S.K.: 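Structure provided below as structure tokens; questions to follow.
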Amino acid sequence: SLQFHVANVGEKMRLDSVGDLTIKGGRVYVRESDDGNVAVAITRDADEGYLQLFSSGTQTVEFRGNGNSYFNGGNVGIGIASPAATLHVKEIDTDEDAIIKISPNNGSYDPVLQFTPQDGTLDNEGFEIWYDNNVGDAHIHTIYNNDAAAIRFHTRTGASKSTSNERLTIAGDGNVGIGTTSPSEK
């Protein structure tokens, strides 16, 4: 094996006979092709390792072994090389449905999908879909702090997020309408 030592410190790096490279307490940096900014950093803390990716010197991705990981530089694809949205999931096996699962770690908790405003909180507005593990109920919930908040169901429309063809409305005050957007009865 090939070993690298630092005076008065000891061995800091080793390349063994099978080609494994071990760096003790160090970091690995890969620079952009023009030898400018760091493009990739492989680093560590006392209890975890992590990988950081950069674009023109700005960190855009971080994978951590014991902490938060994130993507901040473009769309993410699972099963697709050219994602067309922030998160694009495509089933790669042609004989199966594309399924996204949300499962709690403990049966005392419920799987919840939240849609929040830009600040990420549900304080005054937002929307949740959740499954109640204790009784088997499915819930759809708007959190907007106003009786004007409604849950609206549409059928086939001509464009994404089109408000045409609204078929069922549950108004914030509890009134329900089929074929009307302003129901007056419960």
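In this chain, numbering begins with 1 at the start of the sequence shown. Remember, it's a predicted structure, so these values are computed and weren't measured experimentally.
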S.K.: The criterion is ring pair (Phe, Tyr, Trp, His ring centres under 6.0 Å); which residues satisfy it with His88, sequence neighbours excluded?
M.R.: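 Residues passing ring pair (Phe, Tyr, Trp, His ring centres under 6.0 Å) with His88: none at all.
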
S.K.: What's in the same ILVMFWY side-chain cluster as Tyr70, cut-off under 4.5 Å, chained through other members?
M.R.: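 None, because no other hydrophobic side chain comes under 4.5 Å of this residue.
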
S.K.: What's the separation between atom OG in Ser182 and atom CD in Glu166, rounded to the nearest 0.5 Å?
M.R.: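 Going from the OG atom of Ser182 to the CD atom of Glu166 covers 8.5 Å.
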
S.K.: Within this structure, what is the CG-CG distance for the pair Leu51 and Leu53, rounded to the nearest 0.5 Å?
M.R.: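 Rounded to the nearest 0.5 Å, the CG-CG separation comes to 4.5 Å.
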
S.K.: Do Leu87 and Val89 have side chains that approach each other closer than 4.5 Å (heavy atoms only, starting at C-beta)?
M.R.: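 A side-chain contact exists here, since the closest heavy-atom pair is under 4.5 Å.
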
S.K.: With clusters built from Ile, Leu, Val, Met, Phe, Trp and Tyr whose side-chain heavy atoms come within less than 4.5 Å, directly or transitively, what are the remaining members of the cluster of Ile143, listed by chain and number?
M.R.: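 Besides Ile143, the cluster holds Leu122.
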
S.K.: Name all pairs fulfilling the ring pair (Phe, Tyr, Trp, His ring centres under 6.0 Å) condition that reach into residues 7-56, sequence neighbours left out, sorted by first residue then second.
M.R.: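 The answer is none; no pair qualifies.
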
S.K.: What do you reckon, is CG of Asn106 surrounded by more than 12 foreign heavy atoms closer than 6.0 Å?
M.R.: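 Yes, because the 6.0 Å sphere around CG of Asn106 holds more than 12 heavy atoms from other groups.
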
S.K.: Any non-hydrogen side-chain atom of Tyr131 less than 4.5 Å from a side-chain atom of Asp110?
M.R.: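 A side-chain contact under 4.5 Å is absent here.
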
S.K.: Can you name the ring pair (Phe, Tyr, Trp, His ring centres under 6.0 Å) partners of Phe4, sequence neighbours left out?
M.R.: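 Partners of Phe4 under the ring pair (Phe, Tyr, Trp, His ring centres under 6.0 Å) test: none.
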
S.K.: Write out all pairs satisfying salt bridge (charged side-chain N to carboxylate O under 4.0 Å, His left out) with one or both partners inside residues 63-89, taking only residues at least two apart or from two chains.
M.R.: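 Found Asp45-Arg64, Glu48-Arg64, Glu62-Arg64.
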
S.K.: Hydrophobic clusters here meaning ILVMFWY residues chained together by side-chain heavy-atom distances under 4.5 Å, can you tell me if Phe115 and Ile102 are in one?
M.R.: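 Linked within one cluster.
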
S.K.: Among pairs that include at least one residue of residues 2-14, which meet salt bridge (charged side-chain N to carboxylate O under 4.0 Å, His left out), considering only residues two or more places apart or in two chains?
M.R.: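 Non-adjacent pairs meeting salt bridge (charged side-chain N to carboxylate O under 4.0 Å, His left out): Glu11-Arg14, Glu11-Lys24.
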
S.K.: Would you indicate whether the side-chain heavy atoms of Pro111 and Pro104 approach each other to under 4.5 Å?
M.R.: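 The answer is yes; the side chains approach within 4.5 Å.
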
S.K.: Within the structure provided, determine whether Arg27 and Arg44 are in side-chain contact (heavy-atom separation under 4.5 Å).
M.R.: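 In contact.
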
S.K.: Does atom CG of Asp34 have more than 12 heavy-atom neighbours, drawn from other residues, nucleotides or ligands, at distances under 6.0 Å?
M.R.: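 Enclosed: over 12 neighbouring heavy atoms sit under 6.0 Å from CG of Asp34.
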
S.K.: Listed by chain and number, what are the ring pair (Phe, Tyr, Trp, His ring centres under 6.0 Å) partners of His5, not counting sequence neighbours?
M.R.: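 Expected list: none.
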
S.K.: Sequence neighbours left out, what pairs pass salt bridge (charged side-chain N to carboxylate O under 4.0 Å, His left out) with at least one residue falling in residues 123-138?
M.R.: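 Listed once each, the pairs would be none.
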
S.K.: Taking everything shown except Ile178 itself, do over 12 heavy atoms lie less than 6.0 Å from its CD1?
M.R.: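 It does not: Ile178 CD1 has 12 such atoms or fewer within range.
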
S.K.: List for me each residue that meets side chain to side chain contact (heavy atoms under 4.5 Å, CB included) alongside Asn68, sequence neighbours excluded, and say none if there are none.
M.R.: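 Asn68 satisfies side chain to side chain contact (heavy atoms under 4.5 Å, CB included) with no residue once adjacent residues are dropped.
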
S.K.: Can you confirm whether Ile100 is buried at CD1, in the sense that more than 12 heavy atoms of other residues, nucleotides or ligands lie under 6.0 Å from that atom?
M.R.: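 Not buried by this count: 12 neighbours or fewer within 6.0 Å.
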
S.K.: Can you name the ring pair (Phe, Tyr, Trp, His ring centres under 6.0 Å) partners of Phe63, sequence neighbours left out?
M.R.: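 Expected list: Phe71.
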
S.K.: Please list, chain by chain and in numerical order, all residues satisfying salt bridge (Lys or Arg N to Asp or Glu O under 4.0 Å) with Arg167, sequence neighbours excluded.
M.R.: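 Arg167 satisfies salt bridge (Lys or Arg N to Asp or Glu O under 4.0 Å) with no other residue.
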
S.K.: Taking the side chain as C-beta and beyond, is there a heavy-atom pair between Ile140 and Ile170 under 4.5 Å?
M.R.: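 Side-chain contact under 4.5 Å: no.
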
S.K.: When rounded to the nearest 0.5 angstrom, what is the spacing between OG1 in Thr169 and NE2 in His154?
M.R.: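 Between Thr169 OG1 and His154 NE2, I get 7.5 Å after rounding to 0.5 Å.
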
S.K.: Got Pro183 and Val176 here, is their nearest side-chain heavy-atom distance under 4.5 Å?
M.R.: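 Not in contact.
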
